[in-house]
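What's counted below: heavy atoms across the whole structure, side chains too, no hydrogens, waters or symmetry copies.
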Amino acid sequence: MTSLHFVNARLVDPEMLSEDEGSLSVEGGVITARDGDAPRGARIVDCGGKCLAPGIVDLGVKVSEPGERHKESFGSAGQAAARGGVTTIITRPDTDPAIDTPEVLEFVSRRAAAHSPVHVRPMAALTKGRAGREMVEIGFLSDAGAVAFTDCDRVVADSKVFSRALTYAAAMGALVIAHPQDPSLSAGAAATSGKLSALMGLSGVSPMAERMALDRDMALVEMTGARYHADQITSARALPALERAKRNGLDVTAGVGIHHLTLNEIDLGDFRTFFKLKPPLRAEEDRLAVVEAVATGLIDVVCSMHTPQDEESKRLPFEEAASGAVGLETLLPAAMRLVHAGHMDLPTLWRALSLNPARRLGLPAGRLAVGCPADLVLFDPDAPFVLDRATLASKSKNTPFDGARMEGRVLGTWVAGQQVHAV
């Protein structure tokens, strides 16, 4: 492998929560030195005073293989990730069929290895067919490479089934990822209930549906001792339950998608279906509370919640349109809004984008320490541009940021010391 020596860089270190000028040496795909001399024969990479950080670990990416390859393939998702500074994508099992057997898991692992330029680590379903009735073979799937278990946005409504799955996962040391939404309250909802949804004539769901589901899950985690991660905490009312669970010593973490950190329910005003998400966009007060929770570390992980949808499923009346938005390429510039608005600094943001998800999944990524994989992103946090969705590498173009003015451009991405994207 080529030896590299990055010079004139602003090193964003989420582990040390520091941002300092320095250099970084890479040999054999790993970081070998910081602020040292260049290895003999190394290629010098002049960063031009821009930011060099660990590559993003994106927890919760949907790649539509198998079943809906026309929406997103491992090749297109991998290219989008590389262009977005994402060096590891953690894929969801909400495919067709669901990833609920070792055979399907091995299929997607082979496809990913053959076609993606970035690391791909798959999650598996928690119950067979994501139907919420019978749990999968957690041990076999863990042995086959599953890094976590989730039914994604299909909530396991039967508490007895969910508690059994948590008990078995706890015995295996497996991580369970849940979607905290009360399924009976949130079914068919297109917006957050309130004055705006009433004026727009949209079916709404109260943020209490998130709080109620999280309360139930925390009780079951306390009962079973399982490792638990909430995929999306989007409302202020759910935060006290999360804080209480952590204070009581439960093995609990939480994440939030970038769209819920940077957009609010007012963005639904033009009935643009690219803004239809699950859960729906919240009030500005909720958005600010969740941003603060990320800044303080109460919410551990920020992800893209990349959900590709084709034109046919989005060009429908708002309530009938599919939910979700792509985010692999827009995650970094959208996250820069939080920095430019003064909500947090770059190391704190990168703690949630890279270090925390890697730690939660037991991956060696997310750090700039000697001996760590050379999964790196070089970016200009201040570079302005107007996003054109037609230029996205994803097969699907359903982004709410189409035509938006953004700041933050990825200049280069390296995976195990090999450059997979350059401007």
>> Which label fits W350 and F379: parallel for a plane angle under 30°, tilted from 30 to 60°, or perpendicular past 60°?
In response: parallel
Carboxylate-amine/guanidinium contact [X] [Y], below 4.0 Å:
X: R130; Y: D151; result: no
X: D215; Y: R244; result: yes
X: R111; Y: E65; result: yes
X: R92; Y: D94; result: yes
X: E311; Y: K314; result: no
X: R360; Y: D251; result: yes
X: K246; Y: D300; result: yes
X: E137; Y: K128; result: no
X: D402; Y: K397; result: no
X: D380; Y: K50; result: yes
X: E210; Y: R216; result: no

> So, does Q181 use its side chain to make a donor-acceptor pair with the main chain of P183 at under 3.5 Å?
Replying inline: no
>> Donor-acceptor pair, distance only, cut-off 3.5 Å: does the side chain of S354 make one with the backbone of G55?
In response: yes
> Would K62 and E68 count as a salt bridge (Lys or Arg N to Asp or Glu O under 4.0 Å) if you check the C-alpha gap in whole Å, the side-chain angles of each, and the deciding distance to 0.1 Å?
Replying inline: CA-CA 11 Å; K62 180 172 182 178; E68 296 177 303; 3.6 Å; yes
Nearest 0.5 Å, what's the [atom1]-[atom2] distance between [X] and [Y]?
X: K395; Y: S76; atom1: NZ; atom2: OG; result: 5.5 Å
X: L353; Y: C303; atom1: CG; atom2: SG; result: 9.5 Å
X: D35; Y: D20; atom1: CG; atom2: CG; result: 8.5 Å
X: H343; Y: L349; atom1: NE2; atom2: CG; result: 12.0 Å

Taking atom types as modelled, find out whether [X] and [Y] have a side-chain donor-acceptor pair closer than 3.5 angstrom.
X: D388; Y: T391; value: no
X: Q309; Y: N398; value: no
X: T234; Y: H260; value: no
X: S394; Y: E72; value: yes
X: D375; Y: H119; value: yes

> What about the rings of F401 and H259, do their centers lie closer together than 6.0 Å?
Replying inline: yes
> Checking side-chain contact (heavy atoms from CB on, under 4.5 Å) against N356, which of T253, V302, V301 comes through?
Replying inline: V301
> Between R359 and E15, is a salt bridge (Lys or Arg N to Asp or Glu O under 4.0 Å) present by the stated rule, with each step listed?
Replying inline: CA-CA 11 Å; R359 280 180 169 172; E15 188 175 30; 3.7 Å; yes
> Closest approach of V377 and P54, non-hydrogen atoms and distance?
Replying inline: CG1-O, 3.6 Å
